[in-house]
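Below is one structure, written out as structure tokens; the observations come after it.
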Amino acid sequence: MATALTSNLTTYDGRGNAVRATETSALFVLISVIATIGVIGYMLFLLNPANRGDLLPYGLVITAESILVFQALLSMWTILSSGYEPRTFAYHEAKRMLMPRHADGDDTLHIDGRPVLVDVFITVYGEDLATVQRTITAAVALRGAHRTWVLDDGRSDEVKDAAERLGAWYIRRLSGNGAKAGNVNHALSIAKGDLFAIFDADFVPDPDFLIETVPFFADDAVAFVQTPQAYGNLHTIVARGAAYMQTVFYRFVQRGRNRFNAAFCVGTNVIFRRAAIDEIGGIHTDSKSEDVWTALTLHERGWRSVYVSDVLAVGDAPETIEGYSKQQLRWATGGFEILLTHNPLSPRRRLTGDQRIQYLVTATFYLTGICPLLLLLVPPLEIYFDLRPMNLTISAGTWVMYYLGFYAMQIILAWFVMGAFRWETLTLATVSFPIYTKALWNVLTGKDVGWHVTGSGSTRSPFNFIVPQVLFFVFLLLTSVVAVLRDIENGAPSIATAWNVTNTAILALFIGAALREQAGRGQRAAASAVVPTPPAEFRTIVARPAPRERVLEPGGVR
């Protein structure tokens, strides 16, 4: 008789009590409801004709805030739906029977009594060898019979040797067509598992990854199971900001999307059903955001997705401004591509109403990154031209009350999720508008942004990537001086001055981070990953792992 499997996956609250990541506290729900009320109150305040000021600054504010409020309201709606638990009775029963003969030393995975072959893909493109080896070692050691494959688009003999030595299969393809998606599709022509997991080269999987995800495939409608991206390299302002920016999304928003069958793939820490991907012709290759496009196509075909918020792999956030800029440019481009070329609200899309809304949120999300650009221009319009966004009869106290009703509650909500105020997130969110503006322009003009691995970067100066931010900093710094002198002359401080000085300080923090990165650039250059130049002779290489003492039959070779 089969015995139940145990899992090492346990998290603890501040008092040391074991909890699951799927729990949502009543206090969090209350804060979310209050934040929603604050959002609605602020928007009604802005839309009141009696409060309208001069047309230009008012237009900038109402445009930016409308986008932010739209996203905030739909995010709140999704977050309040996050109590949905995807682990049903069928899941737990499938997990109980996952390895029916593991007591006898056979760890072959079974679904509905049938053995399943699982392939684990590690996508590599010039990452540091030590990083790749760490991931290979963890992937090979996953519980449950499987085959680990290293898909090396960097064409490194060192990676090939490491894969063979550590017990993984190795694939090097003819060309880099289709980037990461093409790499995976090529591997699928060789590996024939029923399920396949994907890990980026810097994401180290938990030993229980397969144990926790494979049972979901007892439901024949499930196409993929996605787990969060969590990061362990929070050593720089950029890395911390990039990681914290995603916390609410992975802890609550993706969970809420489960309820609407709209959780989407994020490209790593995910496991797919081979039959589902075969049905849609493979991983989507016509976008640099192949993950969300693949999920969208699967949902349009009626397949189901599952998201579990338990951390089952830990990777590296972009540590440099260059790495962060390239990551965000790629992600934002994918979102804008959906918005402008595959509008989810179109009647031609075979999506449910809930899915349409969720994908609309995804497609428009990066517009929120352009909003700071509009808001940065509002204080200078008042300082230089005496143009105000709100009616002069509105007192500063009234404006602040409604303003804080929106923004302060968002900060409190983020603080509740992350345990502290993360100024790094505020800084990156404010200064990233050139990235998102460029992404939107690239999609409008059809420009190809190219493929860049998150975390890999050249030794170029960070200032090569932040010229707009530097110019805005100089402009706002001079404007702050003018504003302070104006307030001294008027004998009273103004909101415009406070607003402009705050924006200047935020940009100053970012410039300071760039200066620190520039100072340490020489040390990083020696250890940074460099994508190898492809050899003159192109050929496909498939290498078996070195012989090992134990071969797993019939589930596969680990």
Side-chain angles (χ1 to χ4, degrees), residues 35-76 361 364-414 425-437 440 468-469 471-473 475-480 482-483 486-487 490 492-507:
T36 302
I37 295 172
V39 170
I40 295 173
Y42 180 58
M43 200 62 200
L44 292 176
F45 170 75
L46 290 178
L47 292 175
N48 187 344
N51 299 330
R52 187 174 64 195
D54 296 300
L55 183 60
L56 180 56
Y58 177 77
L60 292 174
V61 169
I62 205 67
T63 299
E65 302 290 31
S66 294
I67 295 171
L68 294 172
V69 166
F70 171 78
Q71 286 287 333
L73 284 176
L74 290 178
S75 294
M76 291 297 130
V361 172
T364 58
F365 173 76
Y366 290 101
L367 289 174
T368 63
I370 302 176
C371 293
L373 171 61
L374 306 181
L375 297 176
L376 285 174
L377 298 174
V378 173
L381 286 174
E382 178 176 343
I383 293 166
Y384 290 120
F385 304 106
D386 204 30
L387 298 175
R388 293 174 172 81
M390 305 306 293
N391 193 313
L392 285 174
T393 60
I394 302 297
S395 68
T398 301
W399 166 256
V400 169
M401 180 183 69
Y402 283 100
Y403 189 80
L404 291 182
F406 177 26
Y407 283 98
M409 286 309 305
Q410 303 299 309
I411 292 173
I412 292 173
L413 188 65
T425 300
L426 176 63
T427 300
L428 283 193
T430 302
V431 305
S432 297
F433 59 88
I435 302 172
Y436 306 126
T437 304
L440 180 58
Q469 289 93 328
L471 295 176
F472 258 90
F473 170 71
F475 170 67
L476 293 182
L477 181 62
L478 294 175
T479 302
S480 293
V482 172
R486 188 192 68 159
D487 287 355
N490 293 337
S494 66
I495 292 179
T497 300
W499 190 351
N500 198 81
V501 169
T502 300
N503 292 336
T504 306
I506 292 173
L507 279 164

Checklist entry - Under the side chain to side chain donor-acceptor pair (under 3.5 Å) test, which residues partner T497, sequence neighbours left out? => result D487, S494
Checklist entry - Quick one: CG on L376 to CZ on F473, what's the gap to the nearest 0.5 Å? => result 13.0 Å
Item to check | Results of side-chain contact (heavy atoms from CB on, under 4.5 Å) for T502 - residues two or more places apart only | outcome: I506
Next on the checklist: Given 3.5 Å as the limit, does a donor-acceptor pair link the side chain of D54 with the main chain of L56, or not?
Outcome noted: no
Next on the checklist: The criterion is side-chain contact (heavy atoms from CB on, under 4.5 Å); which residues satisfy it with S480, sequence neighbours excluded?
Outcome noted: N500, V501, T504
Item to check | Residue pair Y42 / L46, side-chain heavy-atom distance below 4.5 Å | outcome: yes
Checklist entry - Hey, does the side chain of T368 reach the backbone of F365 with a donor-acceptor pair shorter than 3.5 angstrom? => result yes
Next on the checklist: Is there a side-chain contact between V39 and E65 in this structure, where contact means two heavy atoms from C-beta onward sitting under 4.5 Å apart?
Outcome noted: no
Next on the checklist: Could you walk me through whether L60 and L375 satisfy the side-chain contact (heavy atoms from CB on, under 4.5 Å) test, starting with their C-alpha distance in whole Å, then the side-chain angles of each, then the deciding distance to 0.1 Å, before giving a yes or no?
Outcome noted: CA-CA 7 Å; L60 292 174; L375 297 176; over 6 Å; no
Item to check | Residue list, side chain to side chain donor-acceptor pair (under 3.5 Å) with T479, at least two apart or on another chain | outcome: Y384
Checklist entry - Which residues pass the ring-ring contact (aromatic ring centres under 6.0 Å, His included) test with F472, sequence neighbours left out? => result F433
Item to check | Sequence neighbours excluded - salt bridge (Lys or Arg N to Asp or Glu O under 4.0 Å) pairs with any residue from residues 373-386 | outcome: E382-R388, D386-R388
Checklist entry - Rounded to the nearest 0.5 Å, how far apart are CD1 of I435 and OH of Y366? => result 10.5 Å
Checklist entry - Side chain of N51, backbone of F45: donor and acceptor closer than 3.5 Å? => result yes
Checklist outcome for this item: Value for CG (L47) from CD1 (I62), rounded to nearest 0.5 Å, stands at 4.5 Å
Checklist entry - Does I40 reach the side chain of L44, with side-chain heavy atoms less than 4.5 Å apart? => result yes
Checklist outcome for this item: One should read off an interatomic distance between L476 CG and Q469 CD, to the nearest 0.5 angstrom, of 11.5 Å
Next on the checklist: Measuring only between side-chain heavy atoms, which start at C-beta, is L373 closer than 4.5 Å to P434?
Outcome noted: no
Next on the checklist: How long is the straight-line distance from CG of L68 back to CG of L73, given to the nearest 0.5 Å?
Outcome noted: 11.0 Å
Item to check | Sub-4.5 Å side-chain heavy-atom contact between T364 and I67 | outcome: no
Checklist entry - Between P372 and G369, what is the shortest heavy-atom contact and its length? => result CD-O, 3.4 Å
Checklist outcome for this item: Heavy atoms of N503 and P379 approach each other most closely as ND2-CG, 4.3 Å
Item to check | Atom of N391, atom of A50 and distance for their closest heavy-atom approach | outcome: ND2-O, 3.1 Å
